[in-house]
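First up is the structure itself, then whatever we jot down about it.
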Amino acid sequence: MSEAKIIDGKAIASDLTDKLAERTKDFVAKSGAAPCLAVVLVGDDPASAVYVRNKGKTAEKVGFTSIQKTLPADTPEDELVSIIETLNTDPSVNGILVQLPLPGHIDEAKIIDLIAPEKDVDGFHPINVGRLGAGNFDRALIPCTPAGSIILAKSALGDNLSGQNAVIIGRSNIVGKPVAQLLLAENCTVTIAHSRTKDLEDVVRGADIVVAAVGRPEMVKGGWIKPGATIIDVGINRVDAPEKGEGKTKLVGDVDFSEASKIAGAITPVPGGVGPMTIALLMQNTLTAAERQWGQSQG
Ligand code: GUN
């Protein structure tokens, strides 16, 4: 079996952000203001802090204004509520992202419900979830990691995914469920597998497209994969890497890359696969949100 094509998410994300930077220039020329993304981080989880910093940096690179609000882990829920209400009503803010997970004393669903749907660049608000489910893409904001995963699958398979058997491992609101809706909209036959699925290996063996989003390092083995399948690995797991020296760590996906890349037709690496696409799609959602809000303001 020949080696799989490695899907270069970093390069595809970089092409996309270049195009968004051009579209942003057009938007600024007609509206007179740069799109503005507000990112709210509660607490000091180091991985979340890195993501949030990268989001801010990329936003500025494509020509957006970026606001970052970092709040202590013990911030009362009321205070977060009032910050979001202020961002909702501020006409200069086009996109709002609250980094998840939130500390345990804050009701995550309540906070997501509060974000104005037209500024919900994560696509997590029930209105956007419903629009995605109903196929109302013109008005929805689509979750970033799922949207990025579809672009990567298409980069390997072409734009027509119709009739492909897609198996998603993981049923989260952030990835598993929305990626299932997107693949269904692409006319795939979709299976959502999860921790209680019987005979998971056999289910995965039937897949032309595998989306792995469980958060378990290298759980999906090469022997589970149908020869030639396309593998989209959403997992980002930090594990010990004693081979790099004492106390060192590395990032791995949910798929055993060294095994799977000998059997799959195409596979995303970790890092450098889905991760960069998530940030690029966040920029796309922010620009789309700004364009729609400006259009509305013009009557
Ligand atoms: N935490 C992990 N992934 C995400 C994401 O896509 N958006 C937000 N807001 N938080 C996350």
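Order of listing sets the numbers, starting from 1, for every ligand and every atom in it. Just so it is clear, the model here is predicted, and its values are computed rather than measured.
- A salt bridge between Lys250 and Glu243 is present, with a side-chain N of the basic residue lying under 4.0 Å from a carboxylate O of the acidic one.
- Legend: residues meeting side chain to side chain contact (heavy atoms under 4.5 Å, CB included) with Ser14, ordered by chain and number and at least two apart, are Asp18.
- With sequence neighbours left out, the side chain to side chain contact (heavy atoms under 4.5 Å, CB included) criterion links Thr70 to Leu41, Gln68.
- Listed by chain and residue number, the protein contacts of ligand 1 are Leu97, Val98, Gln99, Leu100, Asp122, Phe124 (heavy atom within 4.0 angstrom).
- Glu291 pairs by the salt bridge (charged side-chain N to carboxylate O under 4.0 Å, His left out) definition with Arg23, not counting sequence neighbours.
- For the pair Lys19 and Glu22, the salt-bridge criterion is not met [side-chain N within less than 4.0 Å of a carboxylate O].
- A continuous path of Ile, Leu, Val, Met, Phe, Trp and Tyr side chains, each step under 4.5 Å between heavy atoms, connects Ile279 with Ile142, placing both in one hydrophobic cluster.
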